[in-house]
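Below, chains carry the letters A, B, ... as their sequence lines are ordered, and counting in each starts from 1.
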There are 2 protein chains.
Amino acid sequence: MTNIEKINSKLNENFAEKGFRLTAPRKAVLSILSQNMNHPTVEEIYLQVHENYPSIGMMTVYRTLDLLVEWGVVHKFDFSEGKARYELIDHPDGIGHHHHLICHNCKKIINYTDFIDEEFKFITKLEKQLSKKHKFQITKHIIEFYGVCDSCVINN
Amino acid sequence: MTNIEKINSKLNENFAEKGFRLTAPRKAVLSILSQNMNHPTVEEIYLQVHENYPSIGMMTVYRTLDLLVEWGVVHKFDFSEGKARYELIDHPDGIGHHHHLICHNCKKIINYTDFIDEEFKFITKLEKQLSKKHKFQITKHIIEFYGVCDSCVINN
DNA sequence: GTTATATTGATAATGGTTATCATTAACATA
DNA sequence: TATGTTAATGATAACCATTATCAATATAAC
Ligand SMILES: [Mn+2]
Ligand SMILES: [Mn+2]
Ligand SMILES: [Zn+2]
Ligand SMILES: [Zn+2]
C-alpha cells in the first residue's frame, strides 16, 4: 500500500461515512501538498492552487486544511511566525516520522530523522510516565530545535 | 545567591552597560511576573500591573516583556492560542527548569519536572549530534505534550 | 431532473501584535 | 539644583492572519 493509497483510503473513510464530498478545490489543495516538501503556509498553498484553479478562494484553502488536519492527513505547525505551516503526514516522497530544526534568522526548516527511533522510544516512555503521574491523556508531542543554520552563521 | 538576586544582577548588567533605565513600569511588570506562576498573557499582565499603576499602557507591557525575553530573564511561550504567554525563568517560588503539559480543552498548563534530568541529558546529547550533522547551532529546544487533562476527561 | 444539503467564495469582522510620533521621564553633567 | 541628552512612554492607527457570515453554487442521492 503506497502512501498515496493510504491517503486516499483515509479520505474515503471520511467521505463515505460522514457525507463529505471530494470536490475539485479539495483535490487541488491535496495535490499541491503532495508536490511540496517545504511546509507551506496557507497563502503559499493558495497561490499554487490558484495557478491551476483561479476561482478558488482563500477561505476554501483554510477550510480544506482544517479538514485534512482533523482527518489526520496533514500536520499543522506553529513555528511562532504568526502564521501556520502545513505538511502532508504520509508524503509520497516523504521521509516519514521526523522532527525539525528551525533557523531563527532565515526561517529555514530542516527535517531530520537522525536518532528518530531512539527519540521516539524515549518520548514514548516519558509520555507513559507523565501521563500516569499527572493523570493527563497525551495526544501529541512537540519537539523542535531552534537556532542558526549553516548559511546564516557564515553570513554574519 | 537567591533567584531574586540573580534576576537583579542580570538586570543590572543590562542597565549599567547598555544605558537602559530601570523605570517604574518595568519594575511593576517584573513584580507581577514574580508573583505569578501561571504563564500569564500580555493582557493578564497588563491588567494586574494596571491595578497598582493605572497610567501604564499596553504598549509598555509589550515592550518590557520583549526586553526581559531578550535579556534572558523571561521565557516567551506560544501554545498556539493566538497569543503569547510569559514566565519568569528564575522564579522565586519556582521549580526551576521544567516543561509543560497543555490541555487542548481547557488550556490548563501543567509544569512538570519529573524525569527532567534524564530528559535534559537525552536532549543535550541529541542536540550535540544534530548540531554536528546538520551544521546547525542550536540555541533553544521546545518539548511540549498536548492532550486532555484529568478534569476535562471526567467532564466529557 | 429534482431535491436536500454540503461546499464555496466574497466580504466584513476580529483580535493580537507592531508602527508611529509627540510627550514625558531618567540619568549624567555642570 | 538646574540643564541637556536621550531613553522610555502611551495614545492612536495600522497590520495581518484567521474567523464569521451568508447568499450563491455544486454535489450526490433519489
Ligand atoms: Mn517536516
Ligand atoms: Mn511553566
Ligand atoms: Zn538560516
Ligand atoms: Zn483541561
Side-chain angles (χ1 to χ4, degrees), chain A residues 11-32 39-71 73-86 107, chain B residues 11-32 39-71 73-86 107:
Chain A
L11 293 181
N12 284 329
E13 270 178 44
N14 290 290
F15 290 125
E17 288 178 20
K18 295 168 193 164
F20 288 121
R21 294 171 185 176
L22 185 48
T23 60
R26 286 176 183 177
K27 278 189 234 172
V29 169
L30 207 47
S31 162
I32 290 304
H39 320 88
T41 63
V42 174
E43 196 189 8
E44 285 164 354
I45 295 164
Y46 164 75
L47 288 174
Q48 289 190 59
V49 172
H50 196 262
E51 287 176 19
N52 298 318
Y53 195 132
S55 75
I56 199 169
M58 189 81 98
M59 268 317 298
T60 299
V61 178
Y62 270 104
R63 280 184 292 229
T64 300
L65 288 168
D66 280 351
L67 279 181
L68 293 173
V69 168
E70 194 186 319
W71 295 341
V73 172
V74 163
H75 269 147
K76 180 178 184 176
F77 292 106
D78 183 349
F79 296 129
S80 294
E81 301 168 285
K83 57 189 152 191
R85 291 188 174 275
Y86 296 85
K107 313 301 178 195
Chain B
L11 293 182
N12 285 328
E13 270 178 45
N14 292 289
F15 290 124
E17 289 179 19
K18 296 170 193 165
F20 289 118
R21 292 168 186 180
L22 186 48
T23 60
R26 287 176 183 179
K27 278 188 233 173
V29 169
L30 207 46
S31 162
I32 289 303
H39 320 87
T41 62
V42 174
E43 195 188 9
E44 285 165 354
I45 294 165
Y46 165 75
L47 287 174
Q48 289 190 62
V49 171
H50 196 262
E51 285 175 20
N52 299 320
Y53 195 132
S55 74
I56 199 169
M58 189 80 99
M59 268 318 298
T60 299
V61 179
Y62 270 104
R63 281 184 289 230
T64 301
L65 288 169
D66 280 351
L67 278 181
L68 293 173
V69 168
E70 194 186 318
W71 295 341
V73 172
V74 164
H75 269 147
K76 179 178 186 176
F77 292 106
D78 181 350
F79 295 130
S80 295
E81 301 169 285
K83 57 191 152 191
R85 291 187 174 275
Y86 296 84
K107 314 299 176 196

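- A search for side-chain contact (heavy atoms from CB on, under 4.5 Å) contacts involving B/E43 returns B/T41, B/L47, B/M58, not counting sequence neighbours.
- For residues 45-64 of chain A, every residue pair satisfying the ring-ring contact (aromatic ring centres under 6.0 Å, His included) rule, not counting sequence neighbours, is listed here: A/Y46-A/H50.
- Annotation: side-chain contact (heavy atoms from CB on, under 4.5 Å) contacts of B/K107 (sequence neighbours excluded): B/E81.
- Interatomic distance, B/T64 OG1 to B/M59 CE, rounded to the nearest 0.5 Å: 9.5 Å.
- Ring pair A/W71/A/F20 is tilted by interplanar angle, where 30° to 60° counts as tilted.
- The only option from B/I45, B/L30, B/T60 that meets the side chain to side chain contact (heavy atoms under 4.5 Å, CB included) definition with B/L65 turns out to be B/I45.
- Sorted by first and then second residue, the side-chain hydrogen bond (donor to acceptor under 3.5 Å, both in side chains) pairs involving residues 18-30 of chain A (not counting sequence neighbours) are A/N14-A/K18.
- Across all their heavy atoms, A/V29 and A/V49 have their closest contact at CA-CG2, 3.9 Å.
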So which protein nitrogen or oxygen atoms get under 3.5 Å of nucleotides 6-8 of chain D's nitrogens or oxygens?
from	atom 1	to	atom 2	distance (Å)
D/dT6	O2	B/R21	NH1	3.4
D/dT6	O2	B/R21	NH2	3.4
D/dA7	O4'	B/R21	NH1	3.4
D/dA7	O4'	B/R21	NH2	3.3
D/dA8	OP1	B/R21	N	3.0
D/dA8	OP1	B/R26	NH1	2.7
D/dA8	OP1	B/R26	NH2	3.3
D/dA8	O5'	B/R26	NH2	3.4

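- Under the side chain to side chain donor-acceptor pair (under 3.5 Å) criterion, B/N52 pairs with no residue, sequence neighbours left out.
- The footprint of chain B on DNA chain C, defined by a heavy-atom cutoff below 4.0 Å, extends from C/dG16 to C/dC27.
- For the contact set between residues 45-58 of chain A and DNA chain D, defined by any heavy atom under 4.0 Å, there are no members.
- Screening residues 44-59 of chain B for salt bridge (charged side-chain N to carboxylate O under 4.0 Å, His left out), with sequence neighbours left out, gives B/E44-B/R85.
- Note on the helix from C/dG1-D/dC30 to C/dA30-D/dT1: angle between the axes of the first and last five pairs equals 30°, rounded to 10 degrees.
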Pairs under 3.5 Å (N/O, protein and nucleotides 14-17 of chain D):
from	atom 1	to	atom 2	distance (Å)
D/dA17	O3'	A/G82	O	3.4

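- From B/D66, atom CG reaches atom NZ of B/K76 across 6.0 Å, with rounding to the nearest 0.5 Å.
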